[in-house]
There are 2 protein chains.
Amino acid sequence: MLQLTKRTEYGLIALVHIAERGAAGCEFVSAREICDRYPIPRRLVAEVLKALQRCEIVESQRGPTGGYALARSPESITLGQIVTALEGAPPLTSCESPILLKSGGCEVHSVCPIRSPVHRVREQLWGLLEHTSLRSLLPPATQAHYAPRAAHAR
Amino acid sequence: MLQLTKRTEYGLIALVHIAERGAAGCEFVSAREICDRYPIPRRLVAEVLKALQRCEIVESQRGPTGGYALARSPESITLGQIVTALEGAPPLTSCESPILLKSGGCEVHSVCPIRSPVHRVREQLWGLLEHTSLRSLLPPATQAHYAPRAAHAR
DNA sequence: TCCAAATAGCACCAAAATGGTGCGCTTAGA
DNA sequence: TCTAAGCGCACCATTTTGGTGCTATTTGGA
Ligand code: SF4
Ligand code: SF4
């Protein structure tokens, strides 16, 4: 299905919230705070944030005042990176996914007439995701806060 | 996951094959012939083609010499239409899918900070699919055959 | 010093989507 | 009238998804 996973949605919500709080001067945002604001299960948020931390999209801090913070500027975090971190690079077709080749690959592969043309579509889709930054997902007010940083972000 | 369903892939393969045979002068292409050429289960092809027929993308003919044929020119059949026919309009997020609203909808909906920005991305994705025609998925030789028809197709 | 609040890791589960079949019915050309 | 084709509906097994339990481990502050 051409649909983002719930985990990815939660990740996006968390990232947007962290960026908003970061713009307000907060250093680390806890998972509890996020689930306080949005009715999403705390454990999932932790799970998702951890995955994002592995991909160096957020940083985490333990302890009572700990939590999560963006590891980079919202300008330089793309939707493509987020999706890749949470559900792997969008394959569009099964054979494009290096992970799903476990089951012996696709039977049709050698004679498949749509592999190459669909691959082109995938490239376009990927471009779409890569050109959408986290910043562009933020509400206008928060976007404005990050605007001056745009220069050093690129 | 941002991945086409196997049924959709089979549908695309079938459509490409039907278009190719159509270009070669064949009136109706049987499901057997398609599965003869590509190692895909016959029943699934029938299932998929039937769905495409309901959306008036292909026409079907029963009886010994029966089979399937494109209902419109490859120029006017878009990837978006095919995907919509086989897995519904790409929702990207759960709340965009009118079908998945059965389970009471999304808890986050009323306070969701990503609904509107992600909706914009969805529009772009949709545009991408709508601007990819079946003809552009065909191999160059077959594409050439359909070129002269392009005028009356639009 | 010790507690409480926070992340980290791992296994586990139930429900849903997905890929795929069985089997009998209907159509229609040879 | 035989047979090759599509049609309809229910059914199944596997995988993915969304979600939880429980137990470390870190760390600021009373
Ligand atoms: S080879 Fe063709 S049918 Fe097989 S997964 Fe790739 S695109 Fe799909
Ligand atoms: S409301 Fe937000 S969280 Fe809920 S499905 Fe829509 S985008 Fe996802």
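Letters A, B, ... mirror the listed sequences (proteins, then strands); counts begin at 1. Values in this document were obtained by computation on a predicted structure and should not be read as measured data. Any value given below was found using the heavy atoms of this structure, including those in side chains, with hydrogens, waters and symmetry copies removed.
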Do Lys6(A) and Ser94(B) make a side-chain contact, defined as non-hydrogen atoms from C-beta onward lying under 4.5 Å apart?
yes

May I have the distance from Leu86(A) (atom CG) to dG18(D) (atom C1'), rounded to whole angstrom?
14 Å

How close or far is atom P of dG6(D) from atom CZ of Arg54(B), stated in whole angstroms?
15 Å

Which nucleotide in the set dG8(D), dG29(C), dT7(C) lies at the smallest distance from any side-chain heavy atom of Gln61(B)?
dG29(C)

Please name the pair of heavy atoms, one in Glu27(B) and one in Ala69(B), separated by the smallest distance, quoted to 0.1 Å.
O-CB, 3.4 Å

Have a look at Phe28(B) and say if it touches a base, only the backbone sugar-phosphate, or nothing, with a 4.0 Å heavy-atom cut-off.
nothing

How long is the line joining CD of Glu9(B) and P of dT18(C), in whole Å?
13 Å

Under-4.0 Å side-chain N/O to phosphate OP1/OP2 contact, Thr65(B) with dA5(D)
no

Between dA5(D) (P) and Ile34(B) (CD1): distance, integer Å:
12 Å

Taking the side chain as every heavy atom from C-beta outward, state whether Pro74(B) and Leu138(B) have any pair of such atoms under 4.5 Å apart.
yes

Given atom CG of Leu44(B) and atom P of dT18(C), what is their separation to the nearest angstrom?
13 Å

Contact class for Gln53(A) (heavy atom, under 4.0 Å): base, sugar-phosphate, or nothing?
sugar-phosphate

Nearest whole Å is fine: how far is dA5(D) C1' from Glu33(B) CD?
13 Å

Which nucleotide in the set dA17(C), dG19(C), dC7(D) lies at the smallest distance from any side-chain heavy atom of Lys6(B)?
dG19(C)

Taking the side chain as C-beta and beyond, is there a heavy-atom pair between Met1(B) and Met1(A) under 4.5 Å?
no

For Gln3(A) and dT17(D), what is the distance between atoms CD and C1' respectively, to the nearest whole Å?
11 Å

Closest to the 5' end of DNA chain C, once Tyr68(A) and Pro41(B) are matched to their nearest nucleotides, is Tyr68(A)

Taking the minimum atom-to-atom distance to the side chain of Arg7(B), which one of dG6(D), dG19(C), dT16(D) wins?
dG19(C)

Could you tell me whether the side chain of Thr93(A) reaches within less than 4.5 Å of the side chain of Gln3(B), counting heavy atoms only?
no

On DNA chain C, check which nucleotide each of Gly66(A) and Lys50(A) is closest to and give me the residue with the more 5' one.
Gly66(A)

Can you check the Arg62(A) CZ to dT7(C) P distance for me, whole Å?
10 Å

Thr5(B), nearest nucleotide to its side chain (from dG19(C), dG28(D), dC7(D)):
dG19(C)

Using a heavy-atom cut-off of 4.0 Å across all strands, would you classify Arg32(A) as base, sugar-phosphate, or nothing?
sugar-phosphate

First encountered from the 5' end of DNA chain D, between Pro64(A) and Glu47(A):
Glu47(A)

So, is Tyr10(A) close to the dT17(D) phosphate, meaning a side-chain N or O under 4.0 Å from OP1 or OP2?
no

